[in-house]
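Lettering follows sequence order; numbering is per chain, from 1.
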Amino acid sequence: MAQAINQALHQAMGADDRVVLLGEDVGRTGGVFRVTDGLQEAYGEARVVDTPVAESGIVGAAFGMAVAGLRPVVEIQFMGFTYPAYDQIVSHVGRIRNRSRHRFTAPMVIRFPYGGGIGAAEHHSESTEALYAHTPGVKVAVASGPRVAKGLLLAAIEDPDPVIVMEPIRLYRAIREEVPDGPTIVPLGVAEVVRPGSDVTVVAYGSMLRESLRAAEVLEGAGVSAEVIDLRTVSPLDADTVIASVERTGRAVVVAEGHRTAGMTAEIAALIGERALYSLLAPVERVSGLDTVVPLKRAEQYYVPDAARIAAAAARTMEA
Amino acid sequence: MAQAINQALHQAMGADDRVVLLGEDVGRTGGVFRVTDGLQEAYGEARVVDTPVAESGIVGAAFGMAVAGLRPVVEIQFMGFTYPAYDQIVSHVGRIRNRSRHRFTAPMVIRFPYGGGIGAAEHHSESTEALYAHTPGVKVAVASGPRVAKGLLLAAIEDPDPVIVMEPIRLYRAIREEVPDGPTIVPLGVAEVVRPGSDVTVVAYGSMLRESLRAAEVLEGAGVSAEVIDLRTVSPLDADTVIASVERTGRAVVVAEGHRTAGMTAEIAALIGERALYSLLAPVERVSGLDTVVPLKRAEQYYVPDAARIAAAAARTMEA
Amino acid sequence: MQPLQILHPDGTLAAAPPVGRDEARRLFAAMVHARVYDRKATAMQKQGRLATYAPFEGQEAAQIGSAAALRPDDWMVATYRDAAAMWMQGYLWEDLLLGRIGDERGGSPPEGVPVLPPSITVGAHMLHAVGLGWAERLRGEDRIAITYFGDGATSEGDFHEAMNFAAVFTVPVVFLCQNNQYAISMPVSRQTASATIAQKADAYGMPGVLVDGNDVFAVLAATAEAVARARAGEGPTLIEALTYRTGPHTTADDPGRYRSGDEAAAWRERDPIDRLRAHLRAEGAWDEAWEQGILDEAAAAIEAAVARAEALEVWHPREIVDGMYAEPTAPLLRQRDALLRDLGES
Amino acid sequence: MQPLQILHPDGTLAAAPPVGRDEARRLFAAMVHARVYDRKATAMQKQGRLATYAPFEGQEAAQIGSAAALRPDDWMVATYRDAAAMWMQGYLWEDLLLGRIGDERGGSPPEGVPVLPPSITVGAHMLHAVGLGWAERLRGEDRIAITYFGDGATSEGDFHEAMNFAAVFTVPVVFLCQNNQYAISMPVSRQTASATIAQKADAYGMPGVLVDGNDVFAVLAATAEAVARARAGEGPTLIEALTYRTGPHTTADDPGRYRSGDEAAAWRERDPIDRLRAHLRAEGAWDEAWEQGILDEAAAAIEAAVARAEALEVWHPREIVDGMYAEPTAPLLRQRDALLRDLGES
Ligand SMILES: Cc1ncc(C[n+]2csc(CCOP(=O)(O)OP(=O)(O)O)c2C)c(N)n1
Ligand SMILES: Cc1ncc(C[n+]2csc(CCOP(=O)(O)OP(=O)(O)O)c2C)c(N)n1
Ligand SMILES: [Mg+2]
Ligand SMILES: [Mg+2]
């Protein structure tokens, strides 16, 4: 997946010289996960900028660049280090268009690795996309694999509004997939039915898509046909695709590795209850992380949802 | 309500000299809303500290004080200015206990005015409690009037863990209510059935409680008996009280003035769907703010939910 | 550090002024004009026609003098208290008023005016100026950026990050701090333990300049130099303009709670308009009729601006979701429809 | 600014050392001991027994010298790279290892050890030290706080806010910056445009001291003075200790991508342990057997620590919610029950 993202950045920078990259260690070393490898050599230090260690500074300065007409793509080293920039994002990046009634805009991308699964140090396994989905004026895309990662990132760079693009850490090196060579777009705000099914709808995104597909296979073995949806963007959220599916299946499991309370599983479950209540044959099952800090390596597996927990939740909806 | 909070602070500071206040303009002027009026005179500049304009600094330093055994009570001038401190809250205040497996703790309070209704400038009408409810390790209480404000604040100061206490701006001067003179506690994590009813459950808190009670009166006029619950804390959320009520009424309206997506109405609606699905006679109605910036004065009324919208939502549940 | 001074408080010259007589008169007219606006806005707030308002009386020289050093296409990112500077750079009084009335359209200056809507949060906006200036440099343009902020804002982490980025990347930006001695109730001595704000520049390897902020010539000279440096690719400068807000922090504030009448009176002696008037009079470049003419013109212009701002109808609730994205998203459209239904407008 | 130096790189003295011979030997032993730990941890990471590890080789003098200036009850707030300093102040090797193994219990030093778990986020923790020191002052205690951070951390807004609060409120805190020349791949020259980090102190009205960070005597002397100032109620000090990390940023990093072998070799000539050894030898206070004894003792102690850390069983999933609050909340208890049900353990 890292390679697909790298390719997208190459294509975007090659095609449009308004695109500039900023981040900690993105240039000389090509980033902690080598996602920006080779870009500084190709496009120079002026366009691929190694910044001081200051996340608010990176986002705030990139915001100014975007207002001035550039297309900055910011890398924050890990999701846990986006928080010092939260004020810039919520108070300015997401607001300048409304504040100026379209006179000024901030077409920029903020991308970062997120989520658990590699036993990283504290702060390196965050999955708090709900926070950004709750933040007006930004869009939030979550990559679930190389093809989607590339397509979402290119869509984000083209978008006239600020877009956050989240990349599951554990997929950087884990997933191989055919990715179209050319510049492909995955539209923002459109979910994808990745695996059709008829008994239960599994709504997932990002790192949880693969687990959900694995769960679907397990379920198939047990005679349960699961439809798996990749949301691809959590804001705006494509409720129509989810609702249409649940209206057919009558059952739903919603999956996200972030914390539970006021997380994305809450929103999706609430939407289903709102718009498909009379189709529901069983309560919507939420499979999520806990309302705890993500545990360190030795106990992380108790926190991050996996295929087994998703399959078990689906099975419960079948029993109800 | 400002007076009740002031009284609580007086009592806490008088009873326990570990309690110190920090914030912008809290001392000499007694704060923008005069909530801390007279406290610096009473307890001195060392315990009622006018700080530089630096929210991360205030929270981060107070956190250190709490770890050292003091009981800091921080005021952030408006909720919109808590964001520069968000990293301190999510990465440290809410985590030190878990990070050190109880060796170090941060018993501290972060209180601030929130919400709309007075036509304030941008950033002065935020209601993003969902963000803090989604943040592990902190508790989040929301005052709905003088008595509850006092009781929650005193409970928060006594709590062994960090507590955020939110105070609706528009109630500072608007509500008069008998408040017990002595130090009364409103326990954290316990909702209150403020008005019993049998047809529909209205779940609210903070600024929306009064609107919900008004809606209940309107509904009563229309022959609908609404039960109104004041959550009082949104984290931890007292789901049992909500579920018990919905199991009786079969209908629910959940109200919050914050943004809709992944907001508190999502969590409460999801909980009801999860635990009371078979009792539901109608979809849960969510009455919330929009996924927009809170509009400025001239259009604010379109954003902030009011009694009419709550009553209309309840009526819809009756029709279903 | 001694503040740069060109005009003594009594209007006599300490050094040669940076501009000729006509330009000096133009500066005087602008300061008077701005003060008329400020007093009008304060009065309107008292009448309930504006929400809160943050008056800048006393700070006219700092704002007008610095803005006068700019080219019309230079970027400006300023605060709620910097209406005079913003107006100098092309923002309209009526748009400034609209914001204070509580209407988002006040955030939209005429197309081509390179001034962002006033920053309400303290601190964050300085980074925006850094980004704006940086973008121009990357494009090979010689537009620069200026950002205005107060003494209180220097305590925010974003001030530090902005200064550091600007210096590390040699960004063409001017940091113009109006040290008006207070951040709401907090005197600058409790904001920082350093003797001056200007000296903070050294921490970033950037020049820092202290100027008498009530001396329009000194402010103009210092800013012009900083602008020239920036435009020449030599990077940022921090300017500390020592000044005083004569009025309250905002119309909701009572300065009597935290500062003495003596202090305010002493600063009134250093009023920037009086000072320039004394100089112009001594030069034979001022007479009462001329000033009255400015006042009348300003009053008329501002009345017209008020009328235009107040005439604007509140937008229809249908428009509530229109500002968030280039196109409203599906969830927003649903929310709008629900709102219109609730309002009986669908 | 010339860095304070007491020991020349060749081990000769530039000035009188701040400690006698026994204490110098104790410092040497501690540095050697710490290096044994560092190499062991690096090796364990390569064997997959630790998650990532951030080696401190080359920085022993900066950490041991500064920590030696503390009283055992002084607070310490340090980073992922400061194991040597933390150990000097009472944190156990086994707890440091546990954290790296990926076990929260590593964040819990023995009761009474006034050292917070290592900070993984860059910047935020300096404010915690300010709060700790401030609290002691409010209580009338003379405990002080010290905080360790790198050159990169000085770019974060929280560095600025911490320095400013400490100076404004005369907090007894020592800011100990180990300028090891890099923040991951970024050289300090791209982190800040100021010539030194020490000079940043002036922006806060605080003394700033530059010391040769590979000179354990200089570091100790400078820190002792700063600690004395703090303890006497005279407020904070910023110390910049010039040093170098000999190894990679963490075990996941390849320094060959961003720095030259020559540079690393030049710094190796300034190795803090070699330098002190040369001095001790010249004084007749060192012999090979003695050093071998230290090495053996350290190896044994650290093997024992490793064994204890690795012997600790993973906690039961039941305990997953136990760390968040004094008592788990109702939602957490429900989540725990659901987890145990899913694990078939309920
Ligand atoms: C981030 C943030 N924190 C707090 C506030 C509240 N506030 C508004 S103005 C102000 C004081 C600012 O002082 P200064 O920077 O000196 O500017 P002045 O008002 O004196 O022009 C404060 C604390 C804010 N607007 N934004
Ligand atoms: C807030 C935050 N941003 C980014 C990171 C990622 N990161 C870890 S260490 C580091 C470099 C820190 O450099 P420095 O302060 O010089 O300390 P050193 O590692 O050299 O000891 C970075 C950027 C982080 N841990 N926290
Ligand atoms: Mg000020
Ligand atoms: Mg470093």
Side-chain angles (χ1 to χ4, degrees), chain A residues 17-18 20 22 46-47 49 51-70 72 84-85 87-88 91-92 94-108 136-139 159-162 188-190 233 235-240 267 271 275, chain C residues 75 77 99 103-111 113-114 116-121 123-139 141 143 145 156-158 160-166 168-169 171 173 315 319 321-334:
Chain A
D17 59 17
R18 294 173 308 168
V20 296
L22 297 94
R47 286 184 64 200
V49 184
T51 66
V53 184
E55 292 74 17
S56 187
I58 298 170
V59 172
F63 168 80
M65 288 179 164
V67 171
L70 298 184
D87 180 53
Q88 287 288 346
S91 300
H92 301 287
R95 295 191 179 201
I96 186 66
R97 183 187 284 277
N98 186 63
R99 178 180 300 152
S100 70
R101 292 306 273 191
H102 302 278
R103 173 66 71 233
F104 301 107
T105 61
M108 62 189 282
V138 297
K139 299 178 179 176
D159 201 85
D161 287 298
L188 304 178
V190 181
T233 38
S235 171
L237 202 151
D238 178 3
D240 290 348
E267 178 59 34
L271 281 170
R275 294 177 54 187
Chain C
W75 289 102
V77 191
D103 191 310
E104 280 75 3
R105 288 167 292 187
S108 181
E111 186 155 7
V113 170
L116 265 55
S119 177
I120 308 291
T121 65
H125 69 287
M126 300 177 237
L127 277 160
H128 309 164
V130 172
L132 290 162
W134 194 348
E136 298 302 340
R137 213 183 64 120
L138 284 177
R139 282 200 286 238
E141 304 286 343
R143 289 168 77 182
E156 291 280 2
D158 277 358
H160 175 71
E161 300 192 13
M163 294 282 289
N164 192 44
F165 271 63
V168 166
F169 296 107
V171 175
V173 59
W315 23 274
E319 297 175 62
V321 302
D322 288 355
M324 296 308 301
Y325 301 95
E327 297 294 335
T329 60
L332 281 173
L333 291 174
R334 284 186 75 91

ask   = Given a strict heavy-atom distance threshold of 4.5 Å, which part of A:Asn98 is in contact with chain C: side chain, backbone, both, or neither?
value = both
remark   = CG of C:Leu116 to OG of A:Ser100, rounded to nearest 0.5 Å, is 7.5 Å
Over all atoms of both residues, closest heavy-atom pair of C:Leu138 and A:Ala46 = CD2-O, 3.4 Å
Region of A:Leu271 that comes under 4.5 Å of a non-hydrogen atom in chain C = neither
query = Between A:Thr51 and C:Phe169, what is the shortest heavy-atom contact and its length?
reply = CA-CZ, 4.0 Å
inquiry  = Working to the nearest 0.5 angstrom, can you tell me the gap between A:Arg95 CZ and C:Glu104 CD?
reply    = 10.5 Å
request  = Determine the option with the most heavy-atom pairs under 4.5 angstrom with chain A, choosing from C:Pro114, C:Ser108, C:Ala145, C:Ala129.
outcome  = C:Ser108
task = Nearest 0.5 Å please: distance from the CD atom of C:Glu111 over to the CZ atom of A:Arg103.
result = 5.0 Å
ask   = With only heavy atoms counted, which part of A:Pro160 is less than 4.5 Å from chain C, the side chain, the backbone, both or neither?
value = side chain
key: Non-hydrogen atoms of C:Ser119 and A:His92 that approach each other most closely   = OG-CE1, 4.4 Å
query = CE of A:Met65 to NE2 of C:His128: how many Å apart, nearest 0.5 Å?
reply = 13.0 Å
task = Let me know if A:Leu188 has heavy atoms under 4.5 Å from chain C in its side chain, its backbone, both or neither.
result = neither
key: chain A contact via C:Ala326 - which portion, at a heavy-atom distance below 4.5 Å   = both
ask   = With only heavy atoms counted, which part of A:Thr105 is less than 4.5 Å from chain C, the side chain, the backbone, both or neither?
value = neither
key: Contacting region of A:Val138 [heavy-atom separation from chain C under 4.5 Å]   = backbone
inquiry  = Looking at every heavy atom in both C:Glu161 and A:Ala54, which two are closest together, and how far apart are they?
reply    = OE1-CB, 3.3 Å
request  = Could you grab the distance from atom CZ of C:Arg139 to atom CG of A:Leu70, nearest 0.5 Å is fine?
outcome  = 5.0 Å
remark   = Closest non-hydrogen contact found for C:Glu136 with A:Ala68 is OE2-CB, 4.3 Å
request  = Heavy-atom pairs under 4.5 Å with chain C are the metric here; pick the option from A:Asp87, A:Asp17, A:Val49 that has the most.
outcome  = A:Val49
ask   = Given a strict heavy-atom distance threshold of 4.5 Å, which part of A:Ala62 is in contact with chain C: side chain, backbone, both, or neither?
value = neither
message = A:Arg275: which residues meet the side-chain hydrogen bond (donor to acceptor under 3.5 Å, both in side chains) condition with it, sequence neighbours left out?
response = A:Asp240
query = When you measure from the side chain of A:Arg99 to the backbone N and O of C:Gly107, does any donor-acceptor pair fall under 3.5 Å?
reply = no
ask   = At their closest point, which heavy atom of C:Leu132 faces which heavy atom of A:Gly64, and how far apart are they?
value = CD2-O, 3.3 Å
note = Looking only at C:Trp75, C:Phe165, C:Tyr325, the option with the highest number of non-hydrogen pairs under 4.5 Å against chain A is C:Tyr325
message = Does A:Arg101 form a side chain to side chain contact (heavy atoms under 4.5 Å, CB included) with C:Asp322? I'd like the steps, not just the answer.
response = CA-CA 8 Å; A:Arg101 292 306 273 191; C:Asp322 288 355; 4.1 Å; yes
request  = Return yes when atom CD of C:Glu141 has more than 12 non-hydrogen atoms of other residues, nucleotides or ligands closer than 6.0 Å, and no otherwise.
outcome  = yes
key: Contact winner vs chain C - A:Gly189, A:Ala61, A:Gly69, heavy-atom pairs under 4.5 Å   = A:Ala61
inquiry  = Tell me every residue that passes side-chain hydrogen bond (donor to acceptor under 3.5 Å, both in side chains) with C:Arg137, counting only those two or more places apart in sequence or in another chain.
reply    = none
ask   = In terms of heavy-atom proximity below 4.5 Å to chain A, should C:Pro109 be classed as side chain, backbone, both, or neither?
value = both
ask   = Counting heavy-atom pairs under 4.5 Å to chain A, which of C:Val130, C:Val77, C:Asp158 comes out on top?
value = C:Asp158
